[in-house]
Each structure stands twice: as C-alpha cells, then as structure tokens.
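Order of the sequence lines sets the chain letters (A, B, ...), proteins ahead of strands, with each chain counted from 1.
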Amino acid sequence: MTEQTPASSPAEDLPEQMRVRRSKRDRILADGAEPYPITYPRTASLAQLRERYADLPTDTATGDTVSVTGRVMFIRNTGKLCFATLRDGDGTELQAMLSLDRVGPDRLEEWKRVVDLGDHVGVTGEVITSRRGELSVLADSWAMTAKSLRPLPVSHKPMSEEARVRQRYVDLIMRPQARETVRVRAGVMRSLRDSLHRREFVEVETPMLQLLHGGATARPFVTHSNALDTDLYLRIAPELFLKRCVVGGIERVFEINRNFRNEGVDSSHSPEFAMLETYEAYGDYNTIGNLTRELVQEAAHATFGSNVVTHADGSEFDLGGQWRSVTLYGVLSEALGEEVTVRTEMPRLIQYAEKHNLDVDPKWGPGKLAEELFEELVVPNLVAPTFVRDYPEETSPLVRSHREQPGLTEKWDLYVRGFELATGYSELVDPVVQRERLVAQARLAAKGDDEAMRLDEDFLRALEYGMPPSGGMGMGIDRLLMALTGLGIRETILFPLVRSE
RNA sequence: GGGCCGCUAGCUCAAUCGGCAGAGCUGAGGACUUUUAAUCCUUAGGUUCGGGGUUCGAGUCCCCGGCGGCCCA
C-alpha cells in the first residue's frame, strides 16, 4: 500500500539481502512497472494445467497459451534460458521457462535482475513439456505480482521449531506438512459438524465473556467491562449455558468454540483451546460414549478415508472397532496389584502414593488421590482408545450419581495415546442435589481453591424449571487433531501463544 | 516453581586448552538455450541473545537478565 520506504527503517540497518531486495523493488518502480500490481489476469491454476496436460509426452509444444501465477520456489538462470518453479496456494508446482527468443533481451535481463526466490510472479505463454519432460509454461511475457522483501529459509534444512511457530506463515510456505495440517483440521471440524447435524444436533454459540466462570475446575482469565464496571471471566467451559439450552428444549445441542484456562503451557496444554461440547436429552453416558466414538471414527474416515490413521512419523494408528472400556477403580487396582474401591480410605491410599513417589496435597480427599494415582500409574499406558468409567462423586460435582454403585458417578474419560481426549457424563439434573454440590464447591473457593467453581444461581434457577435426563460430552479439538495426526498441540494450532520476542 | 541443554552470517550449523569468527545453502558480479539442492570463476555478508565481571586476550570461563527446548514437580 505505502509507496515510500519508511524513514523509520533506514536501509543501512537492514541485512544485506533485504537491502538488495528493496533495491530490486525500487528498480521495478524506476522501470515504470509495479512491484505490487492490482492483479494478474490468470487463465488457469497450476493444478488445472497439471490435470489438463497430465499425459503430455516429453518435448511437446501444444500451441495453447495460458496465464498462470505462483510463488517462485526454485530458480535457475542460464545465459539465454531461465527456469523457475512456481507454486500455487494449494501446493501445486509448475515450471515456467523464459527464453531469449520469446521474451526478448530486455525482459529476460529484467527477470534475472529482479526476480528472487519467494517472489510472486505471473507468466503468460505456451504450454509445453521440456526436453526433460517437465510440464512448463514457455513465457511470452511475465510480470512481478508481489515482490518478496525477505529471503526464504533454505529449503533443504528444517526450520527450527521456534521459527516454525513464531513465523507460521513461513512454515506454511516451506513445509507441506504444515499446509496439510491446516487442511486436516478444517476437514475434522467439518466432519464433526456434519456428523452432529446428521443426528439432528443444533449448533449454538454461548457467551465467551461471563460474569461467573463455571462448568469445569480451572483458573480463569479475568478481564474488565468498563460499561458494566465489573470484572468478567473468559469462559473455561460452555457447559452451564448448554444445559440452559437443554432446559429450554434444545434437546440435542452442541457448540464448537474456544475455552480459556489460565494455566501452564506445554506440549499438550494451550491456554486457549478449541472444544466440542454436546448434550443429548434422554441419553446417558453410554449413548454419549457411542456418539463420541462415532464422531472420532467419522472424522478419521473424512480425513484419512479409514479408521486406521497415518501419523506424521509414518506409523499407523487404529481407531476402529468398539474400543476398550474399563472402570477407574478396576484399572487402578490392576496397576497397584491390590483391590482399591471408592471406599478405600486415605491412609491406605497415602501408602500407595508414597510407594510410587507421588506427593500428596493435604487438601485432597480419597477420590482425588485415587485419580492422581490413576493418572500417574495408568494413563501413560492408555495408548489404544480406552473409556475409563465411574469416577468418584467427590471430584465430579456436575455428574449424576451412579445408578448402581454408591459413591461413584456415571462419568467416563476417553484416553488415546496417553492423553485425555474427551469426557462424558450422565448429567446431574436434580436441582436440589446440584445446589448442594455447588455450595460445597463454593466453600472450597472461599477457602482459596481458585480452581473450584463459584455458585451460579441463574444456572440453578434454570435447572429448577426441569432439565430432562441427559448425556453430555466434551472433546478437545486440538487433542482430536493430535490423536489423528500424531502431532504436538503446537503443530495442530495454527498460531499458538508464544512469548514476545 | 526446580534442574539440564541451547541461542554464532538471511537459513542450517562449525569454531580444539581461553589465542586471527568459519562452512554449506542463500546473496552480489561474470559464463552457460534444458535446469531439477545445476556447474564453473570471482566476491560480499557478524552487536557471537543483552548487560556486567575475570584475563595480556572471552563465542568459549564467572554473575545477572531475556528467549527457546527437554526433564521433574
């Protein structure tokens, strides 16, 4: 947009290669041409040409004239014949050739003077194949469509992980896997929505900015509304609003959107993360578990064409079949070699914790400690998709009590490759019991546990109007991508949060 | 929060015991009408993350800080 070089970045302060590229931009302007023209009249995409001339024999001239555009990803200038590989946004590449006899001495010289790796150019000419058999456009004319002022990284060496994350746009230019991940993610999002729409679920959007944060136990981000003169929280979960929807008669409802948790950042945690949450009236944790499996398997089919997905490292991972289902206390007992139940008391659990070098927080009850032992001893080994069922009431304040087993709830966590992918409940809909549990949570909050939930009177009022029996489920989208692709969370998120440079 | 490792040219990386800061690619100039990480000749490019200290001399050793990665909690 701006035509003049800003005085704030004196040319002499720039690295040599950037000075050179700026001077090439100046040269284009001095010649009366545009380094950033409004458009270039292209008549075909590179992919269209590849398809149309797929079977053209070596060293053939078609007589067909086309106009193409692309970013220069490879360039080879010789005396009277120049080669460049152009690449389209979809990753398709095609060769452009510029010969002295076609474009003339002035334009060939100009090409050599001003075109660098990374520039966008347009080329008009005849579709041919080279003597080496490469499908090419033999130029009659060419134009700069966008001059690149920064050199690209070397293509034969991988960029550092930090550079890939900080300058994702460069990562996308250089690495096919980065572009592929974006498309896989889009395919998964679309598949999830399609799968839910087919089952007559309704997509809604509920508040991101909330007066009270709830629906999960996590530390929130706090912000401030000047108009209301009150602090607001970025939501940690949409749960309490989606349940209001179910109360209101939207009996199959879902939301795919961002949650924010003011907690650690590492290879599997991001402070903002995308989540699918869904509720099904007259369902329970069994029906919602089946739905979850079907959503994941349909997403695998949509993006990889199979329940067996291929990870980034080339290994195959099978998401097919019915998936293993175990109980929390069952797998924990197995890992400890001794029978543990929800009635096992603190002293024995503490013994197990000491035996396995697990530090015990004095605020933990027996349920929390059992879960911590489970996470320490069992979770890393849960590689194949596994539903872990029937968690203690103590740690699950929004879950219906188990229909048969006192002290437990109808909740499962789904583990894949050693991380939690989703969680599902038979929802607690009794407003009286819900109030008791939320009051207990609010007491914890008052005692300084800033992960505990606050009392949301309006949510309780909604429940008092009557919420039908329901199953509910939440699934991390970024983690679903991790399960499908084998990538780390910072690769599945296009622009993950990074510290300022 | 703790420990360990790293940060050097546009990019990826070297630099012995503390002793002239280097290579490949990229860039610039030249040759080449069939190149695919071309080849050949010439050549430029540095606040060694920042600050302080030790030393005749610091990329290298010490201290403080920044950023990143891994492990632990």
Side-chain angles (χ1 to χ4, degrees), chain A residues 9 11-27 56-61 72-87 93-105 107-109 111-119 125-126 128-140 147-167 169-171 173-175 219 263-269 353-354 356-362 364 372-373 375-376 380 488-491 496-501:
Chain A
S9 62
E12 58 269 25
D13 284 356
L14 295 170
E16 184 204 11
Q17 296 196 35
M18 288 183 61
R19 286 203 307 272
V20 167
R21 286 180 180 239
R22 277 178 153 72
S23 73
K24 289 175 178 178
R25 172 184 176 277
D26 293 341
R27 184 190 166 97
L56 207 57
T58 294
D59 206 8
T60 304
V72 176
M73 294 309 292
F74 179 86
I75 194 160
R76 182 111 312 130
N77 293 340
T78 69
K80 301 185 179 65
L81 182 64
C82 298
F83 300 88
T85 300
L86 308 186
R87 191 168 69 202
E93 296 187 340
L94 191 76
Q95 179 164 274
M97 296 168 65
L98 295 95
S99 70
L100 178 68
D101 52 2
R102 290 262 185 154
V103 300
R107 289 301 286 161
L108 189 69
E109 190 56 27
W111 171 273
K112 291 194 227 177
R113 289 257 175 250
V114 304
V115 176
D116 287 306
L117 280 176
D119 291 351
E126 183 180 358
I128 65 160
T129 47
S130 72
R131 275 180 218 164
R132 296 293 177 85
E134 188 82 37
L135 184 63
S136 308
V137 174
L138 179 58
D140 295 314
K147 178 68 194 165
S148 167
L149 295 183
R150 287 177 182 270
L152 291 172
V154 289
S155 54
H156 347 292
K157 298 276 185 179
M159 292 168 72
S160 71
E161 194 185 321
E162 186 181 359
R164 293 205 324 242
V165 169
R166 284 193 186 276
Q167 295 183 255
Y169 38 89
V170 179
D171 188 31
I173 293 168
M174 299 309 295
R175 212 165 45 93
R219 189 170 306 167
E263 294 174 346
V265 181
D266 64 28
S267 58
S268 65
H269 293 81
E354 282 168 357
H356 292 95
N357 295 317
L358 182 73
D359 290 338
V360 179
D361 187 323
W364 291 350
E372 292 287 336
L373 281 165
E375 281 180 28
E376 179 74 14
I489 197 166
R490 276 152 69 94
E491 298 295 320
L497 183 68
V498 286
R499 255 178 240 273
S500 68
E501 285 175 87

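For T129(A), the side-chain hydrogen bond (donor to acceptor under 3.5 Å, both in side chains) criterion is met by no residue, not counting sequence neighbours. Under the rule for a side-chain contact (heavy atoms from CB on, under 4.5 Å), the partners of P496(A) that lie at least two apart in sequence or sit in another chain are V165(A), R168(A), R490(A), I493(A). With sequence neighbours left out, R102(A) forms a side-chain contact (heavy atoms from CB on, under 4.5 Å) with S99(A), E126(A), L138(A), D140(A). Not counting sequence neighbours, D59(A) has no partner by the side-chain hydrogen bond (donor to acceptor under 3.5 Å, both in side chains) test. E375(A) is linked by a side-chain hydrogen bond (donor to acceptor under 3.5 Å, both in side chains) to nothing, counting only residues two or more places apart in sequence or in another chain. For D119(A), the side-chain hydrogen bond (donor to acceptor under 3.5 Å, both in side chains) criterion is met by K147(A), not counting sequence neighbours. In terms of the ring-ring contact (aromatic ring centres under 6.0 Å, His included) criterion, W364(A) has no residue partners (sequence neighbours excluded).
Annotation: rA9(B) and rU43(B) have their P atoms spaced 23 Å apart (nearest Å). Distance check on atom C1': rG24(B) versus rG66(B) gives 30 Å, rounded to whole Å. Using atom C1' as the reference point in both rG59(B) and rU26(B), the two lie 23 Å apart (nearest Å). rG57(B) and rA21(B) are spaced 15 Å apart, taking the C1' atom of each and rounding to whole Å. Atom name P, nucleotides rC67(B) and rC20(B): the rounded distance is 33 Å, in whole Å. Comparing the P positions of rC49(B) and rA15(B) gives an interatomic distance of 15 Å, to the nearest angstrom. Rounded to a whole angstrom, the distance from the C1' atom of rU39(B) to that of rU55(B) is 49 Å. Straight-line distance between the P atoms of rG45(B) and rA23(B): roughly 13 Å, to the nearest whole Å.
Nucleic acid contact class of S136(A) (heavy atoms, under 4.0 Å, all strands): none.
Pairing each heavy atom of L56(A) with each of I128(A), the nearest pair is CD2-C, 4.3 Å.
In this structure, K147(A) atom NZ and rG27(B) atom P are separated by 10 Å, rounded to whole Å. As a whole-Å value, the separation of R19(A) CZ from rU26(B) C1' is 15 Å. Rounding to whole angstrom units, CE of residue M174(A) and P of rU26(B) are separated by 12 Å. Between the CG atom of L497(A) and the P atom of rG68(B) there is a distance of 10 Å, given to the nearest Å. Rounded to whole Å, the distance from CD on E372(A) to P on rA73(B) is 11 Å. Between the NE2 atom of H356(A) and the P atom of rA73(B) there is a distance of 14 Å, given to the nearest Å.
Between rC11(B), rU12(B), rG68(B), one nucleotide has an atom nearer to the side chain of S160(A) than all others, and that is rU12(B). Side-chain proximity of V20(A) to the nucleotides rA28(B), rC67(B), rG24(B) is greatest for rA28(B).
Base pairing analysis places rG19(B) opposite rC56(B); the two distances defining the Watson-Crick or G-U wobble pair are each below 3.5 Å. In this entry rG50(B) has rC64(B) as its Watson-Crick or G-U wobble partner, both defining distances falling under 3.5 Å. Base pairing of rU8(B) is not made with any nucleotide, judged by Watson-Crick or G-U wobble geometry with both donor-acceptor distances under 3.5 Å. Base pairing annotation: rA28(B) forms a Watson-Crick or G-U wobble pair with rU42(B), both donor-acceptor distances under 3.5 Å. Here rG1(B) sits opposite rC72(B) as a Watson-Crick or G-U wobble pair (both hydrogen-bonding atom distances under 3.5 Å).
Between the CG atom of D116(A) and the CD1 atom of I75(A) there is a distance of 7.0 Å, given to the nearest 0.5 Å.
With salt bridges taken as basic N to acidic carboxylate O contacts below 4.0 Å, one links E491(A) and R175(A).
The backbone N or O of S148(A) sits less than 3.5 Å from a side-chain atom of R21(A), completing a donor-acceptor pair.
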What does nucleotides 29-34 of chain B look like as a protein-contact string, B for base, S for sugar-phosphate only, - for none, at under 4.0 angstrom between heavy atoms?
SS-BBB
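Positionally, the nearest nucleotide of RNA chain B for L152(A) lies more toward the 5' end than for the other of L152(A) and R21(A).
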Scan nucleotides 42-45 of chain B against the protein and return all N/O pairs shorter than 3.5 Å with their distances rounded to 0.1 Å.
| unit_1 | atom_1 | unit_2 | atom_2 | d |
| --- | --- | --- | --- | --- |
| rA44(B) | N3 | E16(A) | OE1 | 3.4 |

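Proximity of K24(A) to the phosphate of rA28(B): a side-chain N or O atom is located under 4.0 Å from OP1 or OP2. Within the 4.0 Å cut-off from OP1 or OP2 of rU36(B), not a single side-chain nitrogen or oxygen of T85(A) is found.
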